[in-house]
Protein chains: 2
Amino acid sequence: MNKNNRREDIVLTAAKLFRKKGYNAVSMRDLAAEMGIKAASLYNHISSKQEILASIVLSVAKDFVGHIDTVVPQPIASIEKLTSIIHHHIELTAEQTDFLACMNNDWIHLDEENKTLYLSLRKEYEAKFREILRVGMAKNELKNIHIEISVFGILTTLRTLYVWYAKKDVVSLKTLKTDLPRLLLDGLID
Amino acid sequence: MNKNNRREDIVLTAAKLFRKKGYNAVSMRDLAAEMGIKAASLYNHISSKQEILASIVLSVAKDFVGHIDTVVPQPIASIEKLTSIIHHHIELTAEQTDFLACMNNDWIHLDEENKTLYLSLRKEYEAKFREILRVGMAKNELKNIHIEISVFGILTTLRTLYVWYAKKDVVSLKTLKTDLPRLLLDGLID
DNA sequence: GTCTATAACATGATAGAC
DNA sequence: GTCTATCATGTTATAGAC
């Protein structure tokens, strides 16, 4: 196993543990034990516990911004854009559950520099999402519900999908992809 | 100041710190410093850091179950019941922001016994909420969206209200009480 | 009720041998 | 690349003086 794979392995294992117990509750000894090595050996592959956290959180945050950037310029209705975004959240949740959980729970433990970077990516994502809603409402494709409440309500549900995805035996990915957009966009009442 | 008030003060201060930095990142020295006393003195009022956390988390969890128990037997439409629950979440979020945040972020750090208790309260709440949706769908008051997805989507948003409530300058409590039920129940699309 | 002092241990990280 | 050994610091918690 070369150095990159080993590093990747450490980050994946860390994400799993951080998700389960929280960043602060996971010691470098815990992480090393899970990898089957000693704590000191970790430092041949990573430079600090902080670096691992930043690697996890920022990779997900960048992925989300990357996706919304491909959606925004498309010549499709607002509802289609929102559906595409919801589907991307579902897919990423399925593929990178631990990373998603880690981003949501532990970003607060990033050092000042990375926290600022994370929050600016998040702000950028929210601004682009808000703009899609604004245009949709202006074109009367969407109901005129308070825009901040709409942004918050939808993004919160999407961000927290991973919590619920752990119980995925209850519902298939396919059902999720049809019924979650219905819930978030059409609502429960006719 | 008598013993109960002092204890209460410690719990309120702890909730504030736990919310800001996370349970594990707050030491008893931090908490004592914030209270203007020494760490050792805390133990005259509480028996452990764990006990403080349990006190915070369980009080909120019990409040939610208590409220839904008053709503369930009422002779009103499902939509009215859901609106009442949404309003209760909004009110509690406004009154006990730190407690709500602490429950959401730090329940994972409860010891085994209290974690089990918390999860059973949470399960009980979800079951009662699910039943309201089930009846509403059976009576055709609500659309037939996958029930687990509906439960998840709505409760997630309500649980995470505190995150957004910190930016309360953006929207009034009154607007929240009208537009959040609209978003969650009516949806964005006509 | 609060203090000082301290026990007993866990933490992130590093140096240097192999 | 991994190990053992170690460091400096932080942790929860208690004993006993005032």
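A note on names: the letters A, B, ... follow the listed sequences, proteins ahead of strands, and every chain is numbered from 1.
Taking atom CZ of R6(A) as the reference point, atom P of dG1(D) lies 9 Å away to the nearest angstrom. When the P atom of dG10(D) is taken as reference, atom NZ of K49(B) falls 15 Å away, rounded to whole Å. Spacing between atom CZ of R7(B) and atom P of dG1(C) amounts to 13 Å, rounded to whole angstrom units. Rounded to whole angstrom, the span from the CG atom of N24(B) across to the C1' atom of dG12(C) amounts to 15 Å. Rounding to whole angstrom units, CG of residue L42(A) and P of dT11(C) are separated by 14 Å. The distance between atom CZ of F18(A) and atom C1' of dG12(C), rounded to the nearest whole Å, is 12 Å. When rounded to the nearest whole Å, the span between CD1 of I46(B) and P of dT14(D) equals 10 Å. Rounded to whole angstrom, the span from the CG atom of L53(B) across to the P atom of dT12(D) amounts to 13 Å.
Contact annotation: S41(B) side-chain N/O to dC3(C) OP1/OP2 distance is under 4.0 Å. Residue Y43(A) places none of its side-chain N or O atoms closer than 4.0 Å to OP1 or OP2 of dT14(C). For the pair S27(B) and dT11(D), the criterion of a side-chain N or O lying under 4.0 Å from OP1 or OP2 is met.
Among residue pairs with one or both ends in residues 127-157 of chain B, those qualifying as ring-ring contact (aromatic ring centres under 6.0 Å, His included) are W164(A)-F152(B); sequence neighbours excluded.
The pair K20(A)-D98(A) fails the salt-bridge criterion, with no side-chain N (NZ, NE, NH1 or NH2) lying under 4.0 Å from an Asp/Glu carboxylate O. Between K115(B) and E112(B), at least one side-chain N (NZ, or NE/NH1/NH2) sits under 4.0 Å from a carboxylate O, which counts as a salt bridge. Here K21(A) pairs with D30(A) in a salt bridge; the nearest charged N to carboxylate O distance falls below 4.0 Å. A salt bridge links E131(B) with R134(B): the closest approach of a Lys/Arg side-chain nitrogen to an acidic carboxylate oxygen falls below 4.0 angstrom.
Of the residues in residues 28-40 of chain B, those lying under 4.0 Å from DNA chain D by heavy-atom distance are M28(B), R29(B), A40(B).
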Please write out each protein N/O paired with an N/O of nucleotides 16-18 of chain D under 3.5 Å, distance rounded to 0.1 Å.
none

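Shortest non-hydrogen contact noted between V151(A) and L133(A) is CG2-CD1, 3.7 Å.
Using cut-offs of 30° and 60° for the angle between ring planes, the H89(A) and F64(A) rings count as parallel.
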Let's go through K123(B) and E126(B) carefully: what are the C-alpha distance in whole Å and the side-chain angles of both, what is the deciding distance for salt bridge (Lys or Arg N to Asp or Glu O under 4.0 Å) to 0.1 Å, and is it a yes or a no?
CA-CA 5 Å; K123(B) 207 169 170 180; E126(B) 285 179 6; over 6 Å; no
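Around atom CD of E113(B), no more than 12 heavy atoms belonging to other residues, nucleotides or ligands sit under 6.0 Å away.
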